[in-house]
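In listed order, ligands and their atoms are each counted from 1. Heavy atoms only: backbone and side chains are in, while hydrogens, waters and symmetry mates are out. Just so it is clear, the structure is predicted and the values come from calculations on it, not from any experiment.
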Amino acid sequence: MALYGKIAVVTGAAMGIGRAITEILLQNGCKVALLDMNEAAGNDLMEVLEKLYGEERTLFLQCNVESEEQIKAALQKTVDTFGGIDILCNNAGILNELTWEKMVSINLIGAIRVAYLTLEHMSKLNGGQGGVIVNTASIAGIEPIASSPVYTAAKHGVVGFTRAMATASTALEYGVRFNAICPSFVETTLLIGIGDRLGQFSELDKSPLDKIRLLDVSEVAEAVLELVTDGTKNGEALMVFSDGKEYATFPSFI
Ligand SMILES: NC(=O)c1ccc[n+]([C@@H]2O[C@H](COP(=O)([O-])OP(=O)(O)OC[C@H]3O[C@@H](n4cnc5c(N)ncnc54)[C@H](O)[C@@H]3O)[C@@H](O)[C@H]2O)c1
Ligand SMILES: CCCCC/C=C\C=C\[C@H](O)C/C=C\C/C=C\CCCC(=O)O
């Protein structure tokens, strides 16, 4: 997919990986709607981006991915402002085993909710032009992390949802590709003070974090760009490690 002039929606865009995805899409000519619940961080980032890329190429919309109403309003505003949606980077997420039901609500249900509501604009079945959806999962979506069982469950859910939707989209001719990005540990606020958010599993935090190089957000954004632009990629889970990236392989029974 050539990106110049394409319209992207990024959730959890105000900081961390979402911010890096937003910037790489802007650098490649996209218009980007930044959705995030953190209004202050979103507005601060907009000031920076407007100076770099021009006011007409970015739009910040305060949006909690737990709220169907807020997502619907944000997507409609994006379509009204930019004229459609070609790319969704479904990235908002938290890591907190203490508030595990909320974590499932944001990391898994939120991602599904945003994807379904975006398809109402993007799917060829609904009069859209087709496009691509990249869901931010994690290596924890491929391999269990003992200190984070519910985070692991939610991210496995994101990978499963992505792969099933890729097949469904092909069969039902939505014209939409679905891929998952699965990073290792990335240097963002998500990992700050993590020991306090692992609850009964905190003693398992033996911190590989001290032994491996944390990824820079730009490395994850580069891998997302590959999944967005390479039209042959559908139903893939691209793992990003400190020493390179690799597509996950899965058994097949059906
Ligand atoms: N940092 C890592 O090591 C790592 C590794 C693999 C995957 N991930 C995943 O990457 C994604 C981004 O995480 P990050 O590391 O950039 O974290 P981050 O905390 O730096 O950024 C997360 C962003 O999501 C937003 N957000 C959180 N809950 C939201 C909600 N309910 N609605 C809307 N926005 C919300 C926050 O306001 C924030 O701007 C998450 O899905 C996370 O699970 C992170
Ligand atoms: C042990 C401390 C864990 C605290 C953080 C828990 C979960 C973090 C999840 C992130 O999404 C990253 C998930 C998994 C990373 C897995 C493997 C690391 C591979 C190392 C490498 O890059 O080579």
> Is Lys102 salt-bridged to Glu66, cutoff N-O under 4.0 Å?
Replying inline: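 Glu66 and Lys102: salt-bridged.
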> Salt bridge or not for Arg213 and Glu219, using N-O below 4.0 Å?
Replying inline: yes
> Does the side chain of Trp100 come within less than 4.5 Å of Asn96's, by heavy atoms?
Replying inline: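 Result no, sub-4.5 Å side-chain heavy-atom pair not found.
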> Think Lys233 forms a cation-pi with Tyr247, using NZ or CZ under 6.0 Å from the six-ring centre and within 45 degrees of its axis?
Replying inline: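 Yes, a cation-pi geometry.
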> So, the side chain of Arg197 versus the backbone of Leu190: is there a donor-acceptor pair under 3.5 Å, distance only?
Replying inline: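 Flag set: sc Arg197 to bb Leu190 pair under 3.5 Å.
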>> Name the residue from Ser184, Cys182, Pro183 that meets the side-chain contact (heavy atoms from CB on, under 4.5 Å) definition with Met239.
In response: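 The option that passes is Cys182.
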> Would Asn91 and Ile21 satisfy side-chain contact (heavy atoms from CB on, under 4.5 Å), going step by step from the backbone distance to the final call?
Replying inline: CA-CA 9 Å; Asn91 167 80; Ile21 295 171; 4.2 Å; yes
> Ring centres of Phe241 and Phe185 under 6.0 Å apart?
Replying inline: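 Phe241 vs Phe185: aromatic centres not under 6.0 Å.
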>> One pair to check against side-chain contact (heavy atoms from CB on, under 4.5 Å): Leu227 and Ile181. What are the steps and the verdict?
In response: CA-CA 8 Å; Leu227 292 172; Ile181 189 76; 4.0 Å; yes
Below 3.5 Å only, please: the N or O atoms of ligand 1 paired with protein N or O atoms, distance on each line.
residue  : atom   : partner : partner atom : Å
ligand 1 : 1 (N)  : Val186  : O            : 3.3
ligand 1 : 1 (N)  : Thr188  : OG1          : 3.0
ligand 1 : 3 (O)  : Val186  : N            : 2.8
ligand 1 : 3 (O)  : Val186  : O            : 3.4
ligand 1 : 15 (O) : Thr188  : OG1          : 2.5
ligand 1 : 16 (O) : Ile17   : N            : 2.8
ligand 1 : 19 (O) : Thr189  : OG1          : 2.9
ligand 1 : 20 (O) : Thr189  : OG1          : 3.0
ligand 1 : 31 (N) : Asn64   : OD1          : 2.9
ligand 1 : 32 (N) : Val65   : N            : 3.0
ligand 1 : 34 (N) : Met37   : N            : 3.4
ligand 1 : 37 (O) : Asp36   : OD1          : 2.6
ligand 1 : 39 (O) : Asp36   : OD1          : 3.4
ligand 1 : 39 (O) : Asp36   : OD2          : 2.6
ligand 1 : 41 (O) : Asn91   : O            : 2.9
ligand 1 : 41 (O) : Lys155  : NZ           : 2.9
ligand 1 : 43 (O) : Tyr151  : OH           : 2.7
ligand 1 : 43 (O) : Lys155  : NZ           : 3.0

Check each N or O atom of ligand 2 against all protein N or O atoms and list the pairs under 3.5 Å, with atom names and distances to 0.1 Å, one per line.
residue  : atom   : partner : partner atom : Å
ligand 2 : 11 (O) : Ser138  : OG           : 2.7
ligand 2 : 11 (O) : Tyr151  : OH           : 2.8
ligand 2 : 22 (O) : Ser184  : OG           : 2.9
ligand 2 : 22 (O) : Ser242  : N            : 3.0
ligand 2 : 22 (O) : Ser242  : OG           : 3.2
ligand 2 : 23 (O) : Ser242  : OG           : 3.3

